[in-house]
Amino acid sequence: MRGLPWPARLYLVVLTAGAAAVIVQGRPGTLDWRPLMVLALLFLVCESVPTLLNIREAAMSVSFSAVLASVVLLGPTAAAIVGSVAVLSVRPGLPLVKRLYNGAQFALCGYAAGVAFTEFGGSTGVPRDVEAFIPLIAPFAAAAVTYALLNFAMMGLLLRLAGNVGAGQIRWRSMGQLFLSYMGYATFGLLIAGLWSSVKSIAAVLVLLPLFIARWAFGQYLAQQRAYDATIAALCQAVETKDYYTRGHSERVSKASVMIAEEIGMGTERVGAIRYAGMLHDVGKLGVPTKVLQKDGALTEEEYAAIQLHPMRGLEIVRGIDFLDEAYAGIMHHHERMDGRGYPMGLAGPEIPEFARVIAVADAFDSMTSDRSYRGARPVEVALDELRKGAGTQFDPVMVNAFIKAVEREGWRPTRSALPPDGVAAEAAAKDHDDPTVPIQVVSER
Ligand SMILES: [Fe+2]
């Protein structure tokens with residue numbers, strides 16, 4: 001609480017007071033406590049083991065399906081009480097202030113969902129048969145949408161007040177995916193309510209069991225993803241240790257590539273693959289002699305040829321990594337040019353794989369907006385102008401336009417490169433093979 005700005009603290013107090021008020025005014029003493037206890041327990045179990053999603057920004061708990069079941073079976077006040085149980089969730093290390101916030105937010109979302117359910121014609125109580133169940137579906141959908149939207153709004157406001165996110169940083173695509181996940185998990189609430197008349201509280205177990213199996217399976221998938229990420233990070237670390245002045249470059253190229261990929265509407269799996277490709281695009285530098293990478297001054301033809309080989313070297317290094325898939329093409333061809341004057345194959349236009357056309361733009365942009373030993377970072381606008389100038393000859397205009405749009409919407413935070421530690425790189429690289437404004441100088445050996 002101490003680290004929060006005062007508007008966020010005030011917001012927390014208002015939410016907590018609001019949650020307490022809706023529970024008290026709903027006369028909780030008149031509720032049927034047995035099903036309420038079962039649903040609260042169900043909520044607590046789900047809340048204590050949050051389900052991770054394949055969306056980087058989000059991890060969610062499916063506990064809200066218990067709140068939505070309460071909406072149908074017991075009404076808005078019961079839904080608020082079930083939501084407030086989040087205060088007691090078994091998550092070691094979760095601070096009290098976060099528990100209070102979660103409890104208040106879930107209680108208010110549950111209450112609002114209950115009101116929406118009633119307003120849209122839903123009647124509270126156990127649906128006894130199919131005739132009673134079917135008319136509940138539309139009001140239940142309204143309740144689920146209300147819950148999800150209010151939850152997003154409250155969370156967004158908290159992040160804004162706490163200064164963690166600006167309006168321009170909201171990733172609408174991820175929010176859309178999260179909303180769909182909410183709607184999918186909401187059906188568990190309807191399922192519990194539907195089963196309640198025949199199997200009572202066993203309905204909770206029937207719903208929980210497949211849910212936990214699914215969660216376990218997804219946990220395995222995430223563990224695999226983390227192993228992949230660690231492999232990629234180790235390779236990037238090796239490259240950046242060798243070529244110190246491009247520190248952080250791989251990660252930023254990856255980020256910019258993902259921005260372009262999302263802007264042109266690539267599917268989730270391909271966006272994941274291009275994230276890896278961006279990280280590893282220069283992994284072939286491991287196969288280029290350090291003295292060539294760090295050479296101050298013009299390169300000999302032989303040295304230049306060694307640099308030009310780095311995309312091929314990169315492919316050789318990562319060829320055995322199965323999960324990289326389409327990323328291979330991005331690594332191999334990220335220095336091709338639209339006019340066919342690039343390397344290593346001299347491909348032109350649409351012959352260049354799409355991943356490579358994306359990475360070429362991201363790579364050049366980050367190179368221009370980063371500090372180098374021989375020049376400072378260029379402003380973002382100047383770098384975007386350079387991309388515009390190179391569109392059609394060096395870069396794919398579609399990718400350039402997509403990136404400009406994404407930067408205008410989401411912004412780009414230029415990074416200052418760290419100075420190398422003592423003893424590292426006494427020499428300064430006087431060239432940059434990624435920077436389109438600084439052509440590499442090559443001298444004839446003859
Ligand atoms: Fe490169």
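Excluded from the calculations below are hydrogen atoms, water molecules and symmetry mates; all remaining heavy atoms, backbone and side chain alike, are included. As the structure lists them, so they are numbered: ligands from 1, and atoms in each ligand from 1.
The aromatic rings of Tyr101 and Tyr11 are tilted relative to each other, their planes meeting at an angle between 30° and 60°.
Phe64 has its ring centre less than 6.0 Å from the ring centre of Tyr182.
Within the protein, the number of N/O/S atoms found under 2.8 Å from the Fe ion (ligand 1) is 5.
The pair Lys405-Glu408 fails the salt-bridge criterion, with no side-chain N (NZ, NE, NH1 or NH2) lying under 4.0 Å from an Asp/Glu carboxylate O. Between Glu354 and Arg270 there is a salt bridge, since a side-chain N of the basic residue sits under 4.0 Å from a carboxylate O of the acidic one. Under 4.0 Å is where a charged nitrogen must lie from a carboxylate oxygen, and between Arg388 and Asp385 at least one such pair does.
By the 6.0 Å contact criterion, CD on Glu326 is enclosed, its count of non-hydrogen atoms from other residues, nucleotides or ligands being greater than 12.
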